[in-house]
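Accompanying notes for the structure given below.
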Number of protein chains: 2
Amino acid sequence: MKLSQGVEWALHCAVTLADAEDGILASRRTLAGYYGLPEAYLAKHLKSLVQAGVLVAASGPRGGFRLARAPEQITVLDVVEAIEGSAPSFVCTEIRQRGACALPPDRCTGPCPVARIMLDADRAWRDSLRAVTLADLSGQLPEWAHARAGSWLADPSKPLPPVP
Amino acid sequence: MKLSQGVEWALHCAVTLADAEDGILASRRTLAGYYGLPEAYLAKHLKSLVQAGVLVAASGPRGGFRLARAPEQITVLDVVEAIEGSAPSFVCTEIRQRGACALPPDRCTGPCPVARIMLDADRAWRDSLRAVTLADLSGQLPEWAHARAGSWLADPSKPLPPVP
DNA sequence: GCATTAGTACTCGGATACGAATTGTCCGAGTACGCCAGG
DNA sequence: CCTGGCGTACTCGGACAATTCGTATCCGAGTACTAATGC
């Protein structure tokens with residue numbers, strides 16, 4: 001029950017991309033430099049985000065990544081599932097139907113109580129993540145943080161505006 | 001975000017042990033035979049349950065495992081954390097304080113929004129598991145299932161009562 | 001001066017090693033029962 | 001017949017491999033800009 005390291009990276013990068021001005025694409029080098037992350041490995045996670053439809057990628061010079069939808073339309077769950085996969089954390093192997101005391105299949109019409117509880121908890125976890133969007137996260141940052149992110153994404157070589 | 005296989009085994013075994021008559025200890029062989037599980041590997045998980053204080057073990061002939069408390073006093077979360085560990089699923093490495101756009105530490109008094117959301121979801125998951133006890137799970141089984149489990153735990157060589 | 005075309009530099013994407021954690025298995029330490037010998 | 005002691009068989013606990021997954025990295029495919037060249 002440990003989440004991948006990439007989930008944190010992906011979430012921060014997605015929130016940062018919400019501050020990109022229209023038409024600006026951020027390359028993986030730009031994003032990696034923003035947080036001091038290994039560029040090659042971050043690329044792997046960015047690719048996952050593209051495959052999941054969270055980001056859109058463009059090749060060539062001036063290429064890079066941007067959000068596929070408005071920040072209000074992307075939930076934290078979208079990002080997490082892009083990295084971790086959307087499979088439920090608990091898989092019931094129906095061991096109640098195996099072994100010396102196996103139950104006959106016709107007695108196992110409904111899901112077993114153990115699986116039901118675990119899936120309920122999994123649903124609660126996902127609901128909690130689905131209730132928050134990138135816009136919600138971005139809105140918790142101060143104005144100068146948005147300005148810094150936008151400036152860096154537009155041109156990483158330009159000096160950053162100072163922190164008040 | 002995938003739970004260990006042992007979680008399912010541990011939960012089923014714990015629910016089964018709730019049907020053991022007073023003074024009856026179930027050996028790992030008995031439990032493994034109940035569900036057709038590999039005995040040696042199941043032992044590893046049972047050991048974790050003992051270390052977590054969910055089960056009590058006794059050595060020697062007539063030895064085995066029993067619940068450490070009444071089924072009403074053991075939550076599903078107790079069992080899951082015994083196997084998976086109680087560490088939170090998300091760990092914030094404070095990448096916002098690293099890289100080219102690192103925030104100064106004096107601007108990071110509170111937890112970062114990303115970590116807060118992830119920990120909230122983790123708490124929702126654990127709350128959901130904490131709300132259910134082994135007694136709740138056991139209560140969802142029909143009467144004849146309790147009788148079969150109790151009979152097998154008391155003497156695996158005795159023929160099981162039939163399923164109605 | 002302008003259009004065309006070849007070159008270049010920069011981007012993403014997939015294929016490729018390495019390490020750690022989970023999975024799976026085995027043998028040794030300890031204990032209660034049963035049996036045997038002695039009184 | 002009763003009691004004490006020893007042996008045995010069964011239990012759990014920790015130590016030891018194999019496999020899968022997450023981590024980390026590199027090189028190749030593709031694209032837009034740039035610059036040189038011909039008209």
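Sequence lines set the chain letters: A, B, ... in the order given, protein chains first and strands last, and positions in each chain run from 1. The model shown is predicted, which means the values in this text are computed figures rather than measured ones.
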| Axis deviation across the helix from C:dG1-D:dC39 to C:dG39-D:dC1, five-pair ends, to the nearest 10° | 10°
| d(NZ, B:K2; P, C:dT22) in whole Å | 10 Å
| query | Near DNA chain C, under 4.0 Å by heavy atom, which residues of residues 45-64 of chain B? | reply | B:G60, B:P61
| Listed by chain and number, what are the ring-ring contact (aromatic ring centres under 6.0 Å, His included) partners of A:Y41, not counting sequence neighbours? | A:W9, A:H45
| said: Students should find this one: the first and last nucleotides of DNA chain D, 5' to 3', lying under 4.0 Å from a heavy atom of chain A. What are they? | reply: D:dT23 to D:dA32
| Listed partners of A:A40 passing side chain to side chain contact (heavy atoms under 4.5 Å, CB included), at least two apart | none
| message | How many whole angstroms separate atom NZ of B:K44 from atom P of C:dA21? | response | 14 Å
| request: Take atom OH of A:Y41 and atom C1' of C:dG13, then tell me their distance rounded to the nearest Å. | output: 17 Å
With a cut-off of 3.5 Å and sequence neighbours excluded, list every side-chain donor-acceptor pair involving residues 136-143 of chain A.
{"unit_1": "A:D136", "atom_1": "OD2", "unit_2": "A:T133", "atom_2": "N", "d": "3.0"}
{"unit_1": "A:D136", "atom_1": "OD2", "unit_2": "A:T133", "atom_2": "OG1", "d": "3.2"}
{"unit_1": "A:Q140", "atom_1": "OE1", "unit_2": "B:R116", "atom_2": "NH2", "d": "3.4"}

| message | I'd like to check the salt bridge (Lys or Arg N to Asp or Glu O under 4.0 Å) partners of B:E81; sequence neighbours left out, ordered by chain and number. | response | B:R126
| query | Can you list, by residue number, the residues of residues 75-92 of chain B that have a non-hydrogen atom closer than 4.0 angstrom to DNA chain D? | reply | none
Identify every side-chain donor-acceptor pair in residues 32-39 of chain B under 3.5 Å, counting partners at least two apart or on other chains, and give the distances.
{"unit_1": "B:Y35", "atom_1": "OH", "unit_2": "B:H12", "atom_2": "O", "d": "3.4"}
{"unit_1": "B:Y35", "atom_1": "OH", "unit_2": "B:T16", "atom_2": "OG1", "d": "2.6"}

| For B:V91, what are the other residues in its hydrophobic cluster, where any two members join if their side-chain heavy atoms are less than 4.5 angstrom apart? | none
| Which residues, if any, of residues 29-37 of chain A bring a heavy atom under 4.0 Å of DNA chain D? | none
| said: Applying side chain to side chain donor-acceptor pair (under 3.5 Å), can you list everything that pairs with A:R98, at least two apart in sequence or on another chain? | reply: none
